[in-house]
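To find a chain, count down the sequence lines: A is the first, B the second, and so on, and within it residues start at 1.
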2 protein chains.
Amino acid sequence: MIERRDVFQAIADPTRRAILTLIAIQAMTPNALAEHFDTSRQAVSKHIRILTECELVQQEHSGREIYYSFNPTKLKEVDAWLDQFRQLWEKRFDQLDKVLKQLKTKPHGK
Amino acid sequence: MIERRDVFQAIADPTRRAILTLIAIQAMTPNALAEHFDTSRQAVSKHIRILTECELVQQEHSGREIYYSFNPTKLKEVDAWLDQFRQLWEKRFDQLDKVLKQLKTKPHGK
DNA sequence: ATATATTGCAACCAAATAGTTTCAAATTAA
DNA sequence: TTAATTTGAAACTATTTGGTTGCAATATAT
């Protein structure tokens, strides 16, 4: 097992995905975030740490509070990876579309 | 830690992502796949098992060989999850676009 | 019929992961 | 100044993960 800390690994955890969804709506403090989960504040903090290391979140200090917000740029990496496969599922749709068109032109078979 | 075996966890591993890329081009046997990695055939087999459980790959038997191929439909789940964030990085682009347009209309500042 | 090839599965192991509790640092409130 | 709040980090633990080797099952080749 080799040390990995990339975006794919970061979004593998459902809690981290939920954190991203929450802070994408508005920046939040660790305390506020933790209230949404059935886990300790420290555990949430560790998730935030991982998300920060992947540059998926940004922080802004305000007194003793830290507001974490979502940084979408790194998620584009995932989108870019999906690109190579996108044609494949669109092709399937095209083929279905072709079949449906044929059914229209020859409504009762031949 | 709760039992997880979803698409996000499946694509978290770089070897599994590479397997998907390979079989997206053409169906392959575990033996053929293993040649592309610095790991044992059995380890590759375990990765394939996980990908199969997530319905990311399909198999077709041919004598004693098994050809694994890519099933794109489940990857759409990842694409769907990205959708909620897509606006955010497109908005950034729009803002940059706006700035560039302003530079064009007022080429030498004011 | 016997040997070879291809594969999945079980048992085992080291490392990583996600969680906990405890504690120290820094900021705000009393 | 002193107490309370907010936070991250350290130490520890149980579980998961990705890897290994060995083996049994099946299909093909000799």
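Of all the residues in residues 26-51 of chain A, A:Thr39, A:Ser40, A:Gln42, A:Ala43, A:Lys46, A:His47, A:Ile50 reach under 4.0 Å from DNA chain C with at least one non-hydrogen atom. Taken residue by residue, residues 59-66 of chain B places heavy atoms nearer than 4.0 Å to DNA chain D at B:Gly63, B:Arg64.
Listed by chain and number, the residues in a side chain to side chain contact (heavy atoms under 4.5 Å, CB included) with A:Ser40 are A:Gln42, A:Ala43 (sequence neighbours excluded).
Put simply, CZ on A:Phe8 is 20 Å from C1' on C:dT17, counting in whole angstrom units. In this structure, CG of A:Asp13 is placed 13 Å from C1' of C:dA16, rounded to the nearest angstrom.
For residues 20-34 of chain A, the set of pairs meeting the side chain to side chain donor-acceptor pair (under 3.5 Å) definition, not counting sequence neighbours, comprises A:Thr21-B:Gln84. Residues in residues 58-71 of chain B take part in no salt bridge (Lys or Arg N to Asp or Glu O under 4.0 Å) pair, two or more places apart or across chains. Counting only residues at least two apart or on different chains, no salt bridge (Lys or Arg N to Asp or Glu O under 4.0 Å) pair has a member in residues 22-40 of chain A. The salt bridge (Lys or Arg N to Asp or Glu O under 4.0 Å) contacts involving residues 41-52 of chain A comprise A:Arg49-A:Glu53, where partners must be two or more places apart or lie in separate chains. Residue pairs that meet the ring-ring contact (aromatic ring centres under 6.0 Å, His included) test with at least one member in residues 43-62 of chain B, sequence neighbours left out, do not exist here. Sorted by first and then second residue, the pairs that involve residues 5-30 of chain A and meet ring-ring contact (aromatic ring centres under 6.0 Å, His included), not counting sequence neighbours, are A:Phe8-A:Trp81.
At D:dT17, one or more side-chain N or O atoms of B:Gln9 fall inside 4.0 Å of OP1 or OP2 (strictly under the cut-off).
For the pair B:Asn71 (side chain) and B:Glu55 (backbone), a donor-acceptor distance under 3.5 Å is present.
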